[in-house]
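Down below is the structure, laid out as structure tokens.
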Amino acid sequence: MNARHESILNHARSRWLWFSLALSLTCLIAYAWHSPSVPPNGGTWLGYTLGTIAGLLILWLMLFGLRKRSYSGSSSLRGWLSAHIYLGTTLILIALLHAGFQVGWNLHTFFLILMLLVIFSGFFGVYCYLRYPTLMTRNRDSATRSAMLEEIAELDQNALALADGIDPKVHSIVLRSIQNTRLGGGVLTQLRARDDSDAALAGIRAALEAREKNNQAAGGAKSGQTIFAMVDFLASGTNDRQAEALRKLIDLLSRKKALASKVARDIQYQALMEIWLYFHVPLSFATVAGLIAHVVSVFFYW
Amino acid sequence: MSERFRIAIVGSGPGGISAAARAAERGESHVLLEAEPHLSNTIFRYQKGKFVMDEPGILPLRSPVPFKAGSREAILDAWNESAARLKINVRHNHEVSAIRRRDDGLFQLDCANGARFEAQFVVLGIGLQGNIRKLGTPGEDLPFVQYQLDDPDEYEGETIVVVGAGDAAIENAIALAKQNNVVIINRRDEFARAKKGNETAILKAIEDGLIECYYNAAPERVDALSVGRKKGRMVLSTPNGKAQLLIDRVIARLGATAPRGFVEACGVVFPSKDPAAVPAISPQYESNVKGLYIVGALGGYPLIKQAMNQGYEVIEYIRGERVEPADEPLLKAKLGGMPGFRGVDEALARIQKNVRVLSHITPLQLREFMLDSDLRTPRPGETVFARNDYTNSFYSIVDGEVHIALDDAGQQHITLRRGEFFGEMGLISGRRRSATVKAGAGCVLIETPRRSMNRLINSVAAVKREIDEVFILRAIQSRFAPEASAEQLKEMVAGATLQKFAAGDVLFSEGEIGDCLHLVRVGSLTISRTIGGKDVVLSYVPAGNYVGEMALLGESRRSATARASIATETVRLDGDSFKKLVNRMPVLKLRLQAEYRQRAASNLAMQALPSGGDIIQFLLAQGAGEATDILLIDESLCVRCDNCEKACAETHGGTSRLDREAGPTYASVHVPTSCRHCEHPHCMKDCPPDALRRAPNGEVYIADNCIGCGNCERNCPYGVIHMASKPPKKPGLLSWLLLGLGPGPGEAPYDPKKSKKEPKEKKAVKCDMCKDEKGGPACVRACPTGAAIRISPEEFPAYAQSRR
Ligand SMILES: Cc1cc2nc3c(=O)[nH]c(=O)nc-3n(C[C@H](O)[C@H](O)[C@H](O)COP(=O)(O)OP(=O)(O)OC[C@H]3O[C@@H](n4cnc5c(N)ncnc54)[C@H](O)[C@@H]3O)c2cc1C
Ligand code: HEM
Ligand code: SF4
Ligand code: SF4
């Protein structure tokens, strides 16, 4: 184990990059040197060889999922992933050489495309893995997500308690805004990094504009209405203690908004780092199915 | 008006109750005085349903009162039943406040409630828990003023005042604040006494308005109210005058007064100021006060069964009977392997005659010492321990000799003979062994674990002095001048002193004239320089290394500042005698210069990247200075897949011992909540069965004899120990993957027993750095992106340099 942090790309001085390059080069040279009587395809001896290599590679790449979940043994998962990435990429070349660059509207090409999809989803995954961790840390600013959620809940409680002492109307507005806060949610919501406070912000703006026009709040705004209603309340000059409480309430709600959008962003990053696997893995299983179909059809319906 | 008995037993813990039972059985005139309205307060106060363990399993129980592993309730019931059956003469609510031996030879025991007793013999079994500190104000005993909190969820919608600023007070206040209105009262202006996690939690709760806090405040009075909605009122004195709170409940968590003051007032002498010191008692448990006997935890035996056996034996001794101590068969088994073994007493006498450090201790201390220790008879040439092993036991040579290799090749070696000891360096520094030791001819050794040795060192001043003297000589010899004889080093050793520094203390600062050098013996230092008005850390100096030689060798002024990064002890060597030695030994000069050049070069490298030092500083601020191995996560690589936690859970019975997300982050370096395998583990401090151990590779782990008392959980400042019950078995990975059987990787196994309401044996669990996995820590191996690594503080500079 090394006393420093290395990324998957330069693991062990990029050992697997060099290995993959060497493998690619060997295949290329063999391909160039080989001059079969027919146009290069999967049926020549080199074609068979490359095909076998590619098939075994796919099976080995699949093993990664198993390795990821077996926790004893002595190799590091980082090494495996590094190899997975480089050898997975090499597969493009090997597969194309194996096919002699022949494509057509058939099962074999369908299988090729499936495999390429897996590989390109892998590229996207690597991109996510390299980019989002740093963004996530920066966004979190040393807090944990559960701590932020807890704080939001606390802010809500405090806001409610404050509102309770002001006016039943204000109380019900705050309550509604709390009920409307929903973080996370479905896949798409997660990816869009929208929390309801965003809607609220839009709501405030809409409300303000609307007020300028006809002195009436626009409908549809959710917690935007909350803040707006309170500003209104302030302006109407109720007694001093209430004004003070309202000011506090606005502080609380704005702090909550800031937090809520942080959490939403956090969820978004996490979702981005996970979602691609939901393509990569099912597609990779499909690829194995494709591989079997490909081999069977080649050997039996030749 | 006082009652007279032959034997007065104070305290009805396992020791006291067993003594009283034996006295009753034997028809002795006796009285058992207990401060509380129930028997055995320590066990009474265990958590409800706690599974009490009967360690050490091999020790037979000898007592009229039954005891076997089981729930707290079952044990207390059995004891109450025995007390009634044997007609023990117990007096509840009799807290003994003074014991005096009168001129007529009788003891006079005065109780806080005014009662007085006279007795010929006193058995003191008051344990170590001490007396709970009360408010010390009028109203401290009102029914709604309590000093313990079993279940915070019991209360709802109340106004509760929590008094205190320690961990217990904070934890209670936070737990209660969920459903109640909580006010915390702190006598001081900060919560510095608490663990860091608790401190931040309470400050945050106060800031958020969840808990109200009065700083620099003290309760003056509590009154019960008969009208209004609230049960009572507390009057407080605060810096701004008096305040009045209407309350439902007061929970005071003010700690306990250690029983030591009381015991000393009885005339019992403690050998040293150290809180771990135990009073010296004879093999018959008699203290230095004739007729006053001490049993149980107070005498240094922290387990129930031991206390019960002693209670039985002490009555027999008082009656003048000879009893073979219950541990006799254990000692016989242990010492039987000694060449020429004839009997336990003879063997113990031989040990004490041969080994000088052990000659200072009482026979009972020696028995206890031997119970904890092991006798080893390695064959000639066999390795006792190897250089860089992380063991921390202490060896005394009863017979024969051992050879200590000074260099890797084993060319140079020192021979130690009968009566000498070794292994003290690892014990004291908490670091790896500095040399390999091989057995010589006729070797008979006693290996003593760290805890027992430390207790001995702290209890017997002569032992400490002797070990320290030898330590200094050997440290100088091994670090600087293996070729020098003890004679040549005499002057330097004579001028050497031991110095202690608290975390953050400066040993010397940049620019000073240097007149000494320091060999770090415990703890670690940082070396820093002021660059551009900022203190920049250049290196980290762990125990076993020296600092300050630069100013002695060439430049006369200190080129950098040395500061203790944690509580540190050094051997200070006088500059003049060191210079003399260097001048006499050209080899030494060359060696020092070579090391000097290397240090200067690496300091320069660190200086070149100013932010590197910041990372070290951040890590040290997290307490990493006392770590031997710490898990760091690079958040710019971590994809938050939690595979590390899953791996940990999977290799450790379904519960992860690591919390990836929690913990501070600086410049993308994240210190998760995970054990650091401290040099001097806080968790080891107070473990009754000595279940916390250190493995040869440095892993601090918990052995099976853990009794689940929770002390280690409380003592670890980093919050990495949990209490958990043994997990049921889980089906294999393939059956999950292919058949969907059982819980998946990282998920806790289903527990068929869960629904049944039987008490489960809960034990402490913590990271053991996967010492039983051949590939090393599973968290590190399972991280797909290489974000998780484990490093030791020595590697911090190199690590900081690798991160730019
Ligand atoms: C949480 C916890 C869990 C533990 N679990 C286990 C376990 O599972 N197995 C095990 O073997 N050990 C366990 N231990 C250790 C065990 O409890 C003690 O070793 C044991 O109780 C010591 O017995 P004792 O008789 O010396 O004193 P104690 O049990 O401490 O009893 C002392 C008694 O003296 C009374 N007393 C004190 N001062 C006075 C006074 N001035 N006048 C009159 N009475 C006084 C007290 O009220 C108390 O009843 C545990 C300890 C703790 C804290
Ligand atoms: C046909 C080729 C490939 C197959 C069959 C394949 C298959 C797999 C499988 C089965 C997993 C395990 C996922 C899991 O269980 O969580 C995986 C993970 C992964 N693969 Fe691939 N893969 C292929 C190519 C690639 C390529 C070319 C790349 C990158 C360039 C890549 C990058 C990754 C990454 C980053 C992971 C996630 C590691 C993790 O966090 O668990 N893969 N792949
Ligand atoms: S090192 Fe091992 S035991 Fe420790 S946290 Fe990591 S996986 Fe768990
Ligand atoms: S459990 Fe806590 S005190 Fe013990 S070694 Fe680990 S970090 Fe240190």
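Below, chain A is the first sequence line, B the second, and so on; all start at residue 1.
Interface residue B:L637: backbone and side-chain heavy atoms are both found under 4.5 Å from chain A. Contacts of A:R145 with chain B are made by both backbone and side-chain atoms, with heavy-atom separations under 4.5 Å. Within the 4.5 angstrom heavy-atom criterion, no atom of A:S82 approaches chain B. With a 4.5 Å cut-off on non-hydrogen atoms, B:E661 touches chain A through its backbone and its side chain both. Both the backbone and the side chain of B:L632 come within contact range of chain A, with heavy atoms under 4.5 Å apart. Neither the backbone nor the side chain of A:Y132 comes within contact range of chain B, judged by heavy atoms closer than 4.5 Å. Looking at B:P664, there are no atoms closer than 4.5 Å to chain A (heavy atoms on both sides), in backbone or side chain.
Here B:S524 pairs with B:Y540, B:S565, B:I566 under the side chain to side chain contact (heavy atoms under 4.5 Å, CB included) rule; sequence neighbours left out. Take B:E158 and apply the salt bridge (charged side-chain N to carboxylate O under 4.0 Å, His left out) test, not counting sequence neighbours, and it matches B:R249.
Counting heavy-atom pairs closer than 4.5 Å to chain B, the top residue among A:T134, A:I8, A:L135, A:T137 is A:T137. When A:R138, A:Q157, A:M273, A:M136 are compared by the number of non-hydrogen pairs under 4.5 Å with chain B, A:M136 comes out ahead. Across B:D634, B:I633, B:V669, the residue that shares the most heavy-atom pairs under 4.5 angstrom with chain A is B:D634.
Here the closest heavy-atom approach between residue A:Y71 and residue B:R781 is recorded as O-NH1, 2.9 Å. Heavy atoms only, all atoms of each residue included: A:P133 and B:C638 are closest at CB-O, 3.3 Å. Considering every non-hydrogen atom in both B:R640 and A:Q270, the closest pair reads O-NE2, 3.1 Å. Residues A:L77 and B:C783 approach most closely at CB-O, 3.8 Å, considering heavy atoms. When every heavy atom of B:A787 is checked against every heavy atom of A:H5, the shortest pair comes out as O-NE2, 2.7 Å.
Within 6.0 Å of CZ in A:F120 there are more than 12 heavy atoms belonging to other residues, nucleotides or ligands. Annotation: A:F123, atom CZ; neighbour count of heavy atoms from other residues, nucleotides and ligands within 6.0 Å is above 12. Heavy atoms from other residues, nucleotides or ligands lying under 6.0 Å from CZ of A:F279 number 12 at most.
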Problem - side-chain contact (heavy atoms from CB on, under 4.5 Å) between B:N643 and A:K68, worked out - result: CA-CA 8 Å; B:N643 210 33; A:K68 185 177 164 186; 3.7 Å; yes

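A:S146 OG to B:D659 CG: the interatomic distance, rounded to the nearest 0.5 Å, is 8.0 Å.
With 3.5 Å as the limit, one finds no donor-acceptor pair spanning the side chains of B:S636 and A:R131.
Side chains of B:T665 and A:R140 form no contact here, defined as non-hydrogen atoms less than 4.5 Å apart.
The residues A:E154 and B:K204 are annotated as salt-bridged, a charged nitrogen and a carboxylate oxygen being separated by less than 4.0 angstrom.
No donor-acceptor distance shorter than 3.5 angstrom exists from the side chain of A:E6 to the backbone of B:G786, with no hydrogens or angles considered.
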